[in-house]
Amino acid sequence: MTNPGNDPLTSEARLTVSTVPTPQKVAKAAAGQRLYDTARHAVVPFSPITPGQVRMYVCGATVDDAPHIGHMRAAVCFDVVRRWFLRLGYDVVFVRNVTDIDDKILRKAAAAHEQWWARAYHFERVFTDAYRRLGVLAPTYEPRATGQMPEMIELVQRLISRGHAYIIPNADGTPSGNVFFDVPSWKDYGELTHQSGGHSGTTGEDDEGKIADAMGPSVDETGADKYNPADAADLSDAKHDPRDFALWKAAKPDEPATAVWQAPFGAGRPGWHLECTTMAHRYLGNEFDIHGGGLDLRFPHHENELAQARAAGWGFARHWMHSAWVTAKGEKMSKSLGNGLSAERLLGDNPAWVVRYALASVHYRAMLEWGKDTLPSALAAAKRVERFVQAAGQAIRQPSREEVAGLSADDLPKDFVAAMDNDIDVSSALAVVFALIRETNQLLAGEHTAQNADRSAPTSDAMRPAAGANTDQTENNGRRRIRRNLLFVRSMLDVFGLDPLAAPFDGNISGQTQAVPGADDPTAKALDALVSARLAARQKARKDRDFATADAIRDELAGLGITVEDTASGPRWSFAG
RNA sequence: GGUGGGUUAGCCAAGCGGUUAGGCAGCGGCCUGCAAAGCCGUAUAGACGGGUUCGACUCCCAUACCCACCUCCA
C-alpha cells in the first residue's frame with residue numbers, strides 16, 4: 001500500500017492518505033534528502049512536518065487552452081518528485097488544482113462564442129488525458145477554483161478584518177466588488193523572491209523610478225513603459241500602493257452571470273492568487289511541506305500567495321520548488337513556439353515513454369534545451385532499455401510489477417539514492433541506471449557462452465544496495481545477479497515513471513510492436529504467426545548456409561516494415577508501425 | 001531600473017578542489033555467414049582575464065555574452 005501503483009488512473013494515492021502516519025515505513029534514505037528552496041536560495045535538508053507524510057501542493061493548469069510541452073514538463077518534474085517520496089516510503093498527499101475561472105478563460109470563451117465553463121471543462125479533460133498518457137500519477141485530489149467560493153470569500157473577509165486588505169467603494173459608498181491586498185501592511189512581502197521594494201518605511205521618495213521599481217515595473221532602454229499591469233483592476237487609481245494586487249474582482253457588465261459570485265464586499269470573482277492560497281489551505285492545512293509550480297509563477301503569483309496566507313495567520317508552505325523551462329535555442333518555448341509543440345502533437349508523433357524520458361531526464365531546475373536531437377536521442381534510450389528488459393527477461397523470469405514497485409529506496413543502488421537525495425539529481429541517477437544496464441548486458445552475453453560463465457566482472461561497489469540488503473555471497477551466479485539487476489533497473493526507472501512494463505506503456509516504449517508470445521490482440525497474434533513462419537524458413541536456410549535465401553526473406557520482411565535481428569536466443573523481430 | 005539564472009567536448013547534460021559522469025552521434029576492435037544488437041577501447045571539454053591553492057572545470061573577483069521574472073504564462 002505504500003508503493004506507487006503502476007496505473008495513473010487508479011487512485012493509489014487515495015490509499016496512502018492516512019490520518020495516522022506510520023513513520024517506521026520511511027526509508028533510511030529519507031534522512032539524507034535535500035531539496036532546493038526558492039525562498040532560501042539554497043539546497044537545504046528536507047524533512048516533513050508530520051513524520052511519515054509529505055503534503056505538497058502544485059499549481060496546476062489554467063484551462064483556457066490546450067496543454068503544451070511546458071505544461072508537460074512541469075507535470076513530469078513534480079511527478080518524479082512525488083514518486084521519489086513514495087519510494088522513500090512516505091504517504092504523499094499531492095494536491096494539484098485546476099484554475100477554471102480566470103480572465104483568459106472568459107476572454108477566449110467570449111471570442112469563441114463559447115460558455116466559459118464549457119471551455120474550461122473541455123480543456124481540463126484535455127490536460128487530464130495528456131497527463132494520463134505520460135504516466136503522470138493522478139493527484140490525491142484535484143480541486144477546481146470554482147468549487148471553493150465560500151472559502152475564498154471567507155479568506156478575503158479574514159484579510160480585510162486583519163487589516164491587510166481594503167474594499168474599493170463606489171461613488172455612493174457601497175462596496176464595488178474590487179478588493180485589494182494591502183502590500184505595505186504586510187512587512188514580510190517579498191520574502192519569497194526578495195523582489196519587493198521594501199520601501200514601505202521610507203517617505204518623501206517621489207522619484208518615479210523608485211516607485212515603479214517598488215512594484216517591479218519600470219521603463220526599458222527605449223523609454224517604453226512595457227511593464228504596466230494589463231488588468232484593469234490592477235490599474236485602478238484607487239489602489240493605495242502600486243504593488244497592491246486584486247483579491248476579488250468586481251463583476252463587469254459584459255461578463256456572463258455564471259461568472260459572478262455574490263459576496264459581502266460586492267459581486268465578482270476571485271483573483272488568481274487568492275484561488276491557490278485557498279485551495280492549498282483547505283486541503284493541506286495551515287502549514288504544509290512543499291509548494292511547487294513553474295518558474296514563472298515565482299513572482300508575482302507565489303509571492304502573493306505567500307503574503308495572503310501569512311497575513312491570514314497561516315504558516316503555509318515550508319518549501320518552494322520551481323521547475324524550469326523547456327527552451328529552444330536557449331529561449332523559453334511558449335507563445336511563439338507553443339503551437340508547434342502542443343502536447344497533442346508531441347504525443348501524437350512520439351511514443352509517450354520517449355516524450356516522458358526526454359522531459360524527465362534533465363534536472364528540474366535546469367532549462368531543458370529542446371533541439372532536433374532531443375527526441376531521437378530519447379528514442380535511442382527507449383530502444384536500449386526495451387532491448388535490455390526484454391533480453392534480461394528472457395534469460396530469467398521477468399520480475400512482476402509488484403516486485404518492482406515493492407523495492408524501498410533503501411534497497412536501490414546507493415549511488416542512485418545519493419543522486420536522488422541530492423535535490424533530485426536525475427542526470428546522475430540515470431547514469432547509475434545505464435551503468436547497471438551495461439554491466440548486466442555483460443552478464444547476459446556470458447550466459448550464452450558457457451565456457452565464459454564465470455568470467456563476468458564483479459558487481460562494482462557502487463551498485464550495491466544502499467542499506468539493509470544482504471549481499472549475495474552465496475548466490476554468486478550470473479542468473480541471480482541478472483535477476484537482481486533487472487529488478488533494480490526497472491525499479492529505478494519506475495522512480496522516473498519509466499518502468500517499461502508499467503502502465504501506460506505496458507512494454508511498448510519505442511513505438512515498435514513486439515512479437516509478444518501469448519498476446520491478447522488477435523491481430524498481433526496473426527502477425528506473429530505469419531512472421532514466425534517466414535523466420536522459421538529463414539532459420540532453415542541459414543542452417544543450410546543458404547544465405548541468399550535467408551537474406552531474401554529478411555529483405556522481404558524489411559520491405560513490410562519488419563526488422564529482424566538474430567540474437568543468441570533466436571531471431572527477434574519488431575514492427576515499426 | 002529591480003531580481004534571479006546560465007556559459008562544460010559535434011549535440012544534450014551531471015557531480016566533484018586532486019581519481020572514468022552518463023546519453024546520443026563519431027572512430028577502432030570483438031562478436032556475427034552478413035547485418036542488427038551487445039561488449040571492449042578511443043578522440044574532442046569546461047566563455048574570457050585575474051586571484052586563492054601544492055593543485056581549480058570545481059572557490060573568489062572582474063569582463064563578455066546569453067536567458068528569465070517584474071505583463072497571462074509550466
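All heavy atoms count here, side chains included; hydrogens, waters and symmetry mates do not. Order of the sequence lines sets the chain letters (A, B, ...), proteins ahead of strands, with each chain counted from 1.
- Remark: A/K332 is in phosphate contact with B/C69, judged by side-chain N or O atoms under 4.0 Å from OP1 or OP2.
- Among the heavy atoms of the strands lying under 4.0 Å from A/F547 is at least one base atom, whether or not backbone atoms are also near.
- Side chain of A/R554, nearest nucleotide from B/G22, B/C34, B/C12: B/C34.
- Whole-Å rounding puts the A/F416 CZ to B/A14 P distance at 16 Å.
- Taking only side-chain nitrogens and oxygens, A/R365 never comes nearer than 4.0 Å to OP1 or OP2 of B/G6.
- Heavy atoms of A/A366 sit under 4.0 angstrom from primed sugar atoms or phosphate atoms, though from no base atom.
- Salt bridge A/R119/A/D64: absent, no basic N to carboxylate O contact under 4.0 Å.
- With B/A14, B/C70, B/C34 as the candidates, the nucleotide lying closest to the side chain of A/P300 is B/C70.
- Note: CG (A/L436) to C1' (B/G23) measures 16 Å, nearest angstrom.
- Side chains of A/W353 and A/E386: a donor-acceptor N/O pair is absent below 3.5 angstrom, by distance only.
- Proximity note for A/S427 (side chain, C-beta onward) versus B/A14, B/G38, B/C34: the nearest is B/A14.
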Item checked: From CA spacing to verdict: ring pair (Phe, Tyr, Trp, His ring centres under 6.0 Å), A/H291, A/H302 -> CA-CA 9 Å; A/H291 190 129; A/H302 287 165; 4.6 Å; yes
Checklist line | Strand RNA chain B as a dot-bracket string - pairs counted if Watson-Crick or G-U with both distances under 3.5 Å, | where the partner lies in another strand | finding: (((((((..(((.....[...))).(((((.......)))))....(.(((..]....))).))))))))....
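- Because its NZ or CZ atom is not both nearer than 6.0 Å to the ring centre of A/Y57 and within 45° of the ring axis, A/R96 does not count as a cation-pi partner of that residue.
- Residue-level contact check: A/V564 touches the bases, meaning some heavy atom is under 4.0 Å from a base atom.
- Residue contacts for A/M72: at a heavy-atom cut-off of 4.0 Å it reaches no nucleic acid atom on any strand shown.
- Within the nucleic acid shown, A/R40 has no heavy atom closer than 4.0 Å to any nucleic acid atom.
- Straight-line distance between the P atoms of B/G5 and B/A21: roughly 27 Å, to the nearest whole Å.
- The distance between atom CG of A/D423 and atom P of B/G15, rounded to the nearest whole Å, is 9 Å.
- The interatomic distance linking A/H322 (NE2) with B/C73 (C1') rounds to 13 Å, in whole Å.
- In terms of position on RNA chain B, the residue among A/D102 and A/E565 whose nearest nucleotide sits closer to the 5' end is A/E565.
- Taking for each of A/R545 and A/V362 the nucleotide of RNA chain B with the nearest heavy atom, the 5'-most of the two is the partner of A/V362.
- Checked by distance alone, A/D551 brings a side-chain donor or acceptor within 3.5 Å of a matching partner on the base of B/G33.
- Between B/G46 and B/U58, the two P atoms lie 11 Å apart (nearest whole Å).
- B/C27 and B/A37 are spaced 13 Å apart, taking the P atom of each and rounding to whole Å.
- Using a 4.0 Å heavy-atom criterion, one finds that A/A381 contacts no nucleic acid atom at all.
- Phosphate contact (OP1/OP2 of B/C34, side-chain N/O of A/R542, threshold under 4.0 Å): absent.
- Between the NE2 atom of A/H291 and the C1' atom of B/A74 there is a distance of 12 Å, rounded to whole Å.
- Using a 4.0 Å cut-off, no side-chain N or O of A/W325 falls inside it from OP1 or OP2 of B/C73.
- Rounded to whole Å, the C1' atom of B/A74 lies 41 Å from the corresponding atom of B/U52.
- Nucleic acid contact class of A/V426 (heavy atoms, under 4.0 Å, all strands): none.
- Nucleotides B/G49 and B/A43 place their P atoms 25 Å apart, quoted to the nearest Å.
- Per the geometry, CG belonging to A/D544 stands 15 Å off P belonging to B/G33, to the nearest Å.
- Nucleotides B/A64 and B/C57 place their P atoms 23 Å apart, quoted to the nearest Å.
- Around atom CD of A/E344, no more than 12 heavy atoms belonging to other residues, nucleotides or ligands sit under 6.0 Å away.
- Tested against A/W320, the residues A/I290, A/L35, A/L192 include a single side chain to side chain contact (heavy atoms under 4.5 Å, CB included) partner, A/L192.
- Counting non-hydrogen atoms under 4.0 angstrom, A/H41 reaches the backbone sugars and phosphates but no base.
- One P atom belongs to B/A45, the other to B/U8, and the distance between them is 14 Å to the nearest Å.
- Between A/D544 and A/K540, at least one side-chain nitrogen of the basic residue sits less than 4.0 Å from a carboxylate oxygen of the acidic one, meeting the salt-bridge criterion.
- Using a 4.0 Å cut-off, some side-chain N or O of A/Q442 falls inside it from OP1 or OP2 of B/C40.
- Taking 4.5 Å as the limit, some side-chain heavy atom of A/F496 sits within range of a side-chain heavy atom of A/L430.
- A/T62 and A/D102 are not linked by any side-chain donor-acceptor pair at a separation below 3.5 angstrom, with hydrogens and angles left out of the test.
- With both ends at atom C1', the span from B/A62 to B/A47 equals 14 Å, rounded to whole Å.
- One interatomic measurement links the two molecules: CG of A/N304 to C1' of B/C69, which rounds to 13 Å at whole-angstrom precision.
- Residue A/D566 is in base contact, counting any heavy-atom pair closer than 4.0 Å across all strands shown.
- Residue-level contact check: A/G330 touches the backbone only, with heavy atoms under 4.0 Å from sugar-phosphate atoms and none from bases.
- The nearest whole Å value for the distance from the NE2 atom in A/H273 to the C1' atom in B/C72 is 11 Å.
- The cationic atom of A/R554 (NZ for Lys, CZ for Arg) does not lie both less than 6.0 Å from the six-membered ring centre of A/F547 and within 45° of the ring axis.
- Comparing atom distances between the A/K104 side chain and each of B/C72, B/A74, B/G23 picks out B/C72 as nearest.
- Taking the side chain as every heavy atom from C-beta outward, A/M333 and A/I69 approach each other to under 4.5 Å.
- Residue A/H363 is in sugar-phosphate contact alone, with no base atom involved, counting any heavy-atom pair closer than 4.0 Å across all strands shown.
- Contacts of A/D425 with the nucleic acid, taken as non-hydrogen atoms under 4.0 Å apart, involve only primed sugar atoms and P, OP1 or OP2.
- Taking the six-membered ring where the residue is Trp, A/Y189 and A/F299 present perpendicular rings, their angle passing 60° and hence far from 30°.
- Residue A/V326 places its side chain closer to B/A74 than to any other of B/C24, B/A74, B/C39.
- Across all strands shown, A/R298 has heavy atoms under 4.0 Å from sugar-phosphate atoms exclusively, and none from any base.
- If you check every strand for non-hydrogen atoms under 4.0 Å, A/D64 touches nothing.
- Nearest nucleotide to the side chain of A/L297, out of B/C73, B/G15, B/C39: B/C73.
- Distance from the side chain of A/R387 is smallest for B/G38 among the nucleotides B/A74, B/G38, B/G33.
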